[in-house]
*Asks:* 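I have a structure I would like to understand better, so I am pasting it below and will then ask my questions one at a time.
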Amino acid sequence: MAKAISQYFKRVFDDYQVLVQVNPDDYTGIELILHPDGKVERTEMEFDEEIFEDLEVDEFKTCSPLEFQLHLAKT
């Protein structure tokens, strides 16, 4: 079985950013919160099948896997 290709999303708030990685096969992923002081919070997530609709409603936009991976490396 082929490995799923994760999808990546981002939302910029007033003083922080949130990046999300979602595995579309099992709805697992990682959430990164980027604080203005450079701190990066990492949270392992389990989503439901409505995650993509939820991200759209919450105004998340697709982002680059490279951007996500660069911030992930800081955790």
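Predicted, not measured: the structure shown is a model, and the values here were computed from it. Residues: numbered from 1 along the sequence shown.
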*Asks:* Test side chain to side chain contact (heavy atoms under 4.5 Å, CB included) on Val18 and Glu31 and set out the steps.
*Replies:* CA-CA 7 Å; Val18 177; Glu31 176 186 78; 3.9 Å; yes
*Asks:* Using 30° and 60° as the class boundaries, would you call the ring planes of Phe68 and Tyr8 parallel, tilted or perpendicular?
*Replies:* tilted
*Asks:* What's the verdict on side chain to side chain contact (heavy atoms under 4.5 Å, CB included) for Phe47 and Thr28, showing C-alpha distance, side-chain angles and the deciding distance?
*Replies:* CA-CA 6 Å; Phe47 306 106; Thr28 60; 5.9 Å; no
*Asks:* Which heavy-atom pair separates Ser6 from Pro24 by the least distance, and what is that distance?
*Replies:* CA-CD, 4.1 Å
*Asks:* Compare every heavy atom of Ile33 with every heavy atom of Tyr16, then report the nearest pair and how far apart it is.
*Replies:* CD1-CG2, 4.0 Å
*Asks:* Would Gln17 and Arg11 count as a side chain to side chain contact (heavy atoms under 4.5 Å, CB included) if you check the C-alpha gap in whole Å, the side-chain angles of each, and the deciding distance to 0.1 Å?
*Replies:* CA-CA 6 Å; Gln17 298 179 48; Arg11 178 157 179 210; over 6 Å; no
*Asks:* Give every residue pair that meets the side chain to side chain donor-acceptor pair (under 3.5 Å) criterion with at least one member in residues 44-64, sequence neighbours excluded.
*Replies:* Arg42-Glu44
*Asks:* Phe60 versus Phe52: any side-chain heavy-atom pair under 4.5 Å?
*Replies:* no
*Asks:* Leu32 and Leu72: which non-hydrogen atoms are nearest, and at how many Å?
*Replies:* CD1-N, 3.7 Å
*Asks:* Closest heavy-atom contact between Met45 and Ile30?
*Replies:* CG-C, 4.3 Å
*Asks:* Run the side-chain hydrogen bond (donor to acceptor under 3.5 Å, both in side chains) test against Glu41 and tell me which residues pass, sequence neighbours left out.
*Replies:* His35
*Asks:* Would you please test Lys74 and Lys39 for side chain to side chain contact (heavy atoms under 4.5 Å, CB included) and show each step?
*Replies:* CA-CA 9 Å; Lys74 299 176 188 175; Lys39 180 181 175 191; over 6 Å; no
*Asks:* Assigning hydrophobic clusters by single linkage (Ile, Leu, Val, Met, Phe, Trp, Tyr; side-chain heavy-atom cutoff under 4.5 Å), is Phe9 placed with Leu66?
*Replies:* no
*Asks:* Roughly how far apart are Gln21 CD and Cys63 SG, rounded to 0.5 Å?
*Replies:* 10.0 Å
